[in-house]
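Structure first, commentary second.
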Number of protein chains: 2
Amino acid sequence: MVTINDIADKAGVSRTTVSRVLNESGYVSEDARKRVLRIIEETGYRPSEQAKSLRLKRTKVIGVVLPKLFTETSSRMANGLDDVFQQNGYQMLLASSNLDHEQERRQLQLLESRRVDGIILTATNRDDELLHTLRDIRVPVVALGQDLPEVSSVYFDDYHAAVELAEHMVQSGRSRIGFIGVDESDYAVGVLRRQGFLDTMNKHGLEVRPEWMQTADFTIECGRAAFEQMTTSTTELPDAVLAVTDRLAVGAMQAAKEKGLQVPQDIGFAGIGATDMSQYVTPALTTVDYKYEEAGREAAAMLLRSLKQPNVEKSRMGYGLLKRDSLSY
Amino acid sequence: MVTINDIADKAGVSRTTVSRVLNESGYVSEDARKRVLRIIEETGYRPSEQAKSLRLKRTKVIGVVLPKLFTETSSRMANGLDDVFQQNGYQMLLASSNLDHEQERRQLQLLESRRVDGIILTATNRDDELLHTLRDIRVPVVALGQDLPEVSSVYFDDYHAAVELAEHMVQSGRSRIGFIGVDESDYAVGVLRRQGFLDTMNKHGLEVRPEWMQTADFTIECGRAAFEQMTTSTTELPDAVLAVTDRLAVGAMQAAKEKGLQVPQDIGFAGIGATDMSQYVTPALTTVDYKYEEAGREAAAMLLRSLKQPNVEKSRMGYGLLKRDSLSY
DNA sequence: CTGTTAGCGCATTCAG
DNA sequence: CTGAATGCGCTAACAG
């Protein structure tokens, strides 16, 4: 690999001069500049960002921790992140935690040892251990998707989104509403959305049978299975189901259709996330639009800010209810 | 940031010794090792991968160039890549070309200057300029999704996939088949799939009206628009449509349904890609499963091989036809 | 306008 | 078993 020294030698100047024309800093005679530029062209020399970083103590690289590399959700957030980072000359180094809390911490440490300038953390949990690791790391971090105490965060209003969605279901005339959630270790999705649902049901004095409360993983298949569970053990069927993600809702709705139930006449469905798919299933799925790209952009911008001026910011993103055919008569 | 020198000082040894305990190389007295380890623990010292890379001339980072950061297709390939890279201690540095050929080359050069150990290139085109840039770069490259001349490639059998799909449509009794393709600058998707379709139609002596051949972008909306185009300008409707991607097919099918056409009775649809969505639209979409994750794993493994032993390998991935309700009576 | 010197954080000879 | 010296490729005083 050709280095700055090779260029200096061939051009008959010192490497300082080469560095000057490279960075357009300081004075360089037109003559010397020309020679250097020509040699660079000839050799295809490419300055080592690596060496530069060591010297400059900044890498122009942002570490991005994702729970499950690429689901539609994280993809959309990543797209938003990239918009802003690319614009500002940063690249993203990926680290996936595979939903493993232990590995999540390891990845953070690995990113630290790579000396990334900052980290975007798409966490799913808020363990003490994670928070502890976060405190130890001397790299600016912005959490995306969860509100982490004492850490800059861009998150969604999961509680109120669930409330509004449940409210809408009730207003649409549903009363026997089932729920498909996920494990509580995911605070935003597992706890807050469930809480919003339960509080709303309570407020309206609506019964929530235990068998109508299901917990699943994030897959379509699990949505289907959860619906089976919900409907086998009882004679009275729910007249609607709120699932905490679109995929879960799609799976459940599919199961219902296969059972011969009419959607939305016999039973209605709603999800959260406004995935691509939600619009094209039949009937189209009522859901909550979370503006993931925008959240990504916001998180990136926030991180960039904290690179200049260390601070802790919080930003709660808005959302929009998309009323579609899976729920309306 | 605490460095190896700080550790050495506080532990009362030279940095050589610290390096030795870090890498478990050479002899170190139990006493010294204990002291060093303790100091490291206390200070939270994390060796700089950056400095290490400069010294060792390897970064353990792989550059990944994606056309449009994260679509479902690239996400699935990225997941496959990550499987293998993570397993082998490599991290992925992202670079998106945003479908801009100029930027695609810049990204490659940027990755080179970052001294990534290798590059996975998810190209869409095969311009001479791109191939030229590829030749200049002194970094092992594996192309993913396109077969690039003189470059290691993992690609799909686009031509035969299109042939088999078209053949299946004909066998199902369709004869007036429309086509929704994409721009020819994308060789695999734009040229090969179209060719496969046309050859098959020709072989069966089936007419392909000019207005039945549409070109679109990669969005669902464009699929819808293409179908409108296809059906406004003529009185005779096609009895089936082959779209080069699932999204295009979904858009077109949606448009047909809105027009009051019965699918698959009046008109059938087929796509390529086996996206998540394809299975949950109504009727379920006939499509070709491309095994993107596996392609990603294969590409990663191939790159890893060429890091040890420079070479040019080619691997054509298999595919599977998924016959579903969008085409069968 | 230009070159000399120094050092970023680390691993690796080569002598003890 | 350990340390001193060297250099990876680059930028930044500082002194001409």
Side-chain angles (χ1 to χ4, degrees), chain A residues 1-37 39-40 43-61 89 109-117 138-139, chain B residues 1-37 39-40 43-61 89 109-117 138-139:
Chain A
M1 185 87 10
V2 29
T3 79
I4 196 174
N5 284 313
D6 301 334
I7 305 299
D9 288 352
K10 298 197 187 185
V13 296
S14 76
R15 61 172 188 263
T16 305
T17 302
V18 178
S19 176
R20 287 200 179 100
V21 353
L22 248 28
N23 302 299
E24 296 174 354
S25 63
Y27 298 98
V28 177
S29 68
E30 200 47 35
D31 185 47
R33 151 175 280 106
K34 282 239 158 74
R35 253 179 310 152
V36 169
L37 252 21
I39 303 288
I40 289 181
T43 56
Y45 164 67
R46 220 51 63 224
S48 161
E49 276 300 324
Q50 215 183 145
K52 219 152 131 178
S53 296
L54 183 58
R55 182 61 227 253
L56 264 25
K57 294 179 170 312
R58 61 116 188 90
T59 52
K60 283 283 184 178
V61 171
Q109 294 169 343
L110 182 52
L111 289 176
E112 183 187 18
S113 66
R114 289 224 186 267
R115 301 295 186 262
V116 295
D117 291 343
R138 304 170 210 56
V139 179
Chain B
M1 184 87 13
V2 29
T3 79
I4 195 173
N5 284 312
D6 301 334
I7 305 299
D9 288 352
K10 298 196 186 185
V13 296
S14 75
R15 59 174 190 260
T16 307
T17 301
V18 178
S19 177
R20 285 199 179 99
V21 352
L22 248 27
N23 302 299
E24 294 175 356
S25 63
Y27 298 97
V28 176
S29 68
E30 199 46 37
D31 185 45
R33 150 173 282 106
K34 281 240 160 70
R35 249 179 312 149
V36 169
L37 254 21
I39 302 289
I40 288 182
T43 56
Y45 164 66
R46 222 150 294 282
S48 161
E49 276 299 326
Q50 215 184 146
K52 219 152 132 177
S53 296
L54 183 58
R55 180 64 225 254
L56 262 26
K57 292 177 170 316
R58 60 115 189 90
T59 53
K60 283 283 185 178
V61 171
Q109 295 169 342
L110 182 52
L111 289 176
E112 184 187 18
S113 65
R114 288 226 187 265
R115 299 297 186 263
V116 295
D117 290 343
R138 304 170 210 55
V139 179

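Computation of the quantities below employed the complete heavy-atom set of this structure, encompassing side-chain atoms and omitting hydrogens, waters and symmetry-equivalent molecules. By convention in this document, chain letters (A, B, ...) are assigned in the order of the sequence lines, proteins followed by strands, and residues within each chain are numbered from 1.
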Results of side-chain hydrogen bond (donor to acceptor under 3.5 Å, both in side chains) for A:D6 - residues two or more places apart only: none
Under 4.0 Å between a side-chain N or O of A:T17 and OP1 or OP2 of C:dG3? yes
Rounded distance (Å) that lies between atom P of C:dG9 and atom CG of B:D9: 13 Å
B:T43: which residues meet the side-chain contact (heavy atoms from CB on, under 4.5 Å) condition with it, sequence neighbours left out? B:V2, B:I7, B:K10, B:I39, B:Y45
For B:E24, which residues count as a side-chain contact (heavy atoms from CB on, under 4.5 Å) partner, sequence neighbours excluded? none
Could you list the residues that satisfy side-chain contact (heavy atoms from CB on, under 4.5 Å) with B:R15, not counting sequence neighbours? B:I4, B:N5, B:A8
Counting just side-chain N and O atoms, does A:S53 come under 4.0 Å of either OP1 or OP2 of C:dC8? no
Let me know the distance between CD of A:E30 and C1' of C:dT2, rounded to the nearest Å. 15 Å
Tell me, please, which residues at least two apart from B:R35 pass side-chain hydrogen bond (donor to acceptor under 3.5 Å, both in side chains). none
According to side-chain hydrogen bond (donor to acceptor under 3.5 Å, both in side chains), who are the partners of B:T3, at least two apart in sequence or on a separate chain? none
Would you list the protein and nucleotides 13-16 of chain D atom pairs, both N or O, that sit under 3.5 Å from each other?
none

Quick one, A:V36 and A:L22 - any side-chain contact, counting heavy atoms below 4.5 Å? no
Quickly work out the B:D31 CG to D:dT2 C1' distance and round it to whole Å. 13 Å
DNA chain D: B:S14 or A:S25, which has the more 5' nearest nucleotide? B:S14
Taking N or O atoms only and anything under 3.5 Å, show me the protein contacts with nucleotides 8-10 of chain D, one pair per line.
from: D:dC8; atom 1: O3'; to: B:K57; atom 2: NZ; distance (Å): 2.9
from: D:dG9; atom 1: OP1; to: B:K57; atom 2: NZ; distance (Å): 2.8
from: D:dG9; atom 1: N2; to: A:A51; atom 2: O; distance (Å): 3.4
from: D:dC10; atom 1: OP1; to: A:Y45; atom 2: OH; distance (Å): 2.5
from: D:dC10; atom 1: OP1; to: A:S48; atom 2: N; distance (Å): 2.9
from: D:dC10; atom 1: OP2; to: A:I4; atom 2: N; distance (Å): 2.3
from: D:dC10; atom 1: OP2; to: A:Y45; atom 2: OH; distance (Å): 3.3
from: D:dC10; atom 1: N4; to: A:R15; atom 2: NE; distance (Å): 3.4
from: D:dC10; atom 1: N4; to: A:R15; atom 2: NH2; distance (Å): 2.9

For A:D9, all residues meeting side-chain contact (heavy atoms from CB on, under 4.5 Å), sequence neighbours excluded: none
